[in-house]
Amino acid sequence: MLSDKIKSLLQEVATLEAHDAQELENLRIKYLSKKGIVNELMGEFRSVAPEQKREIGMLLNELKTALQERINTLRATLATAEDDLSDLDLTRTPYPIRLGTRHPLTIVKNEIIDIFSRLGFAMADGPEVEDDWHVFGSMNFADDHPARDMQDTFFVEQHPDIVLRTHTSSVQSRVMEKTQPPIRVICPGRVYRNEAISARAHCFFHQVEGLYVDKDVSFTDLKQVLLTFAREMFGADTKIRLRPSYFPFTEPSAEMDISCNICGGKGCGFCKHTGWVEILGCGMVDPNVLEANGIDSSIYKGYAFGMGVERITNLKYQVKDLRMFSENDVRFLDEFMAAN
């Protein structure tokens, strides 16, 4: 019967839902449009017996009103949801946010870490504000060594034994005093030296140092690791040479040059027409250093190396002024967008 059909639709009205404007419009078309359910019921109403017209007519009007009210309620609910600002961050800029880029020193440091990680080196870290022992004493620096002078080292006022580390060798010392060999670590970090700031020097810079201590470690092992690093960093055709040098914590010691990656070793202004560019210092760990850090030098040997991240970055990207790395000039940083 028509009355039963209308009563069933009245019960259905309360369950109608719409999650967006399109769903709401679909409901309106389904029930209240010219081809909708209510109009169809009106067509059936014409054939209803006269004695039933009053009752069914009232039911039809009730259905039409209920449907209109339900749709209006759903429309108001959707409008309120659209106006809800509770999830809107009013502190955000209305302008598009530019994507940043990693700093060139970070790009190069991460590349250095990645190369040595693939060679089996773990990463170690330590404090930048250090005591004199870990920075100098444990590294075989004599009490009157020039590096302890105020011209080279930042001392913490009223604490003469506390300094800003001048190299990340202090991290190597902390690793050795807590760990027995085999030890194979790299120590990246920021270091400080009391130097005049210029295009070629700064009062702070970044280093990556490496340490390998085990039985039967030789200078040949060191040379092969450094050759592998140089070719991974600067290209497969890169050549290296080792020149005798002196460092308090290694014996024998050497400085390592690579064939100039700009002229290919032929000679240019960058390499001062020698075909070679110095990139790091290295050597076999002095037995005094091993003993000072609790490692038996009669059983174990080791090698160490250290490089400046700024130096490597200069070679890769030909940045001639060290001050550019710390001035935060966005125009300079944008040049390294493609290197990320």
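Quick caveat, the model's predicted, so the values are computed rather than measured. Values reported hereafter were calculated over all heavy atoms of this structure, with side chains retained and with hydrogens, waters and symmetry mates removed.
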- prompt: Do Q22 and N26 get their side chains close enough for a donor-acceptor pair, meaning under 3.5 Å?
  reply: yes

- prompt: Any side-chain donor paired with an acceptor under 3.5 Å for H202 and E195?
  reply: no

Is [X] salt-bridged to [Y], cutoff N-O under 4.0 Å?
X    : Y    : value
E40  : K35  : no
E17  : R70  : yes
R311 : E278 : no
D216 : K301 : no
R241 : D257 : yes

- request: Check L78 against A18 and note the closest heavy-atom contact, atom names and distance.
  value: CD2-O, 3.8 Å

task: Mind checking the CG-CG spacing from L41 to L60? Nearest 0.5 Å is all I need.
output: 5.5 Å

Step through the shown structure and confirm whether more than 12 heavy atoms of other residues, nucleotides or ligands are within 6.0 Å of [atom1] on [X].
X   : atom1 : value
K53 : NZ    : yes
M42 : CE    : yes
K64 : NZ    : no
R46 : CZ    : no
N72 : CG    : yes

- request: For side-chain contact (heavy atoms from CB on, under 4.5 Å), just list the numbers for E111 and M233, CA-CA rounded to whole Å, side-chain angles, deciding distance to a tenth of an Å, and then say yes or no.
  value: CA-CA 8 Å; E111 189 172 352; M233 177 62 72; 3.7 Å; yes

Test your reading of the model: is there a side-chain donor-acceptor pair from [X] to the backbone of [Y], 3.5 Å cut-off?
X    : Y    : result
T15  : E12  : yes
E251 : V285 : no
H167 : S169 : no

query: Which residue pairs pass the side chain to side chain donor-acceptor pair (under 3.5 Å) test when at least one of the two sits in residues 172-188, sequence neighbours left out?
result: E130-R174, H134-E177, S138-S173, Q172-E209, S173-N293

query: Is the distance between the ring centroids of F247 and F141 less than 6.0 Å?
result: no

- prompt: Quick one: are the ring centres of Y212 and Y303 less than 6.0 Å apart?
  reply: yes

- prompt: Which word best sums up how the rings of Y192 and F204 line up, parallel for under 30°, tilted for 30 to 60°, or perpendicular for over 60°?
  reply: tilted

task: May I ask you to decide if the ring planes of F229 and F234 are parallel, tilted or perpendicular, using 30° and 60° as cut-offs?
output: perpendicular

query: Checking side-chain contact (heavy atoms from CB on, under 4.5 Å) against R331, which of D329, D334, L333 comes through?
result: D329

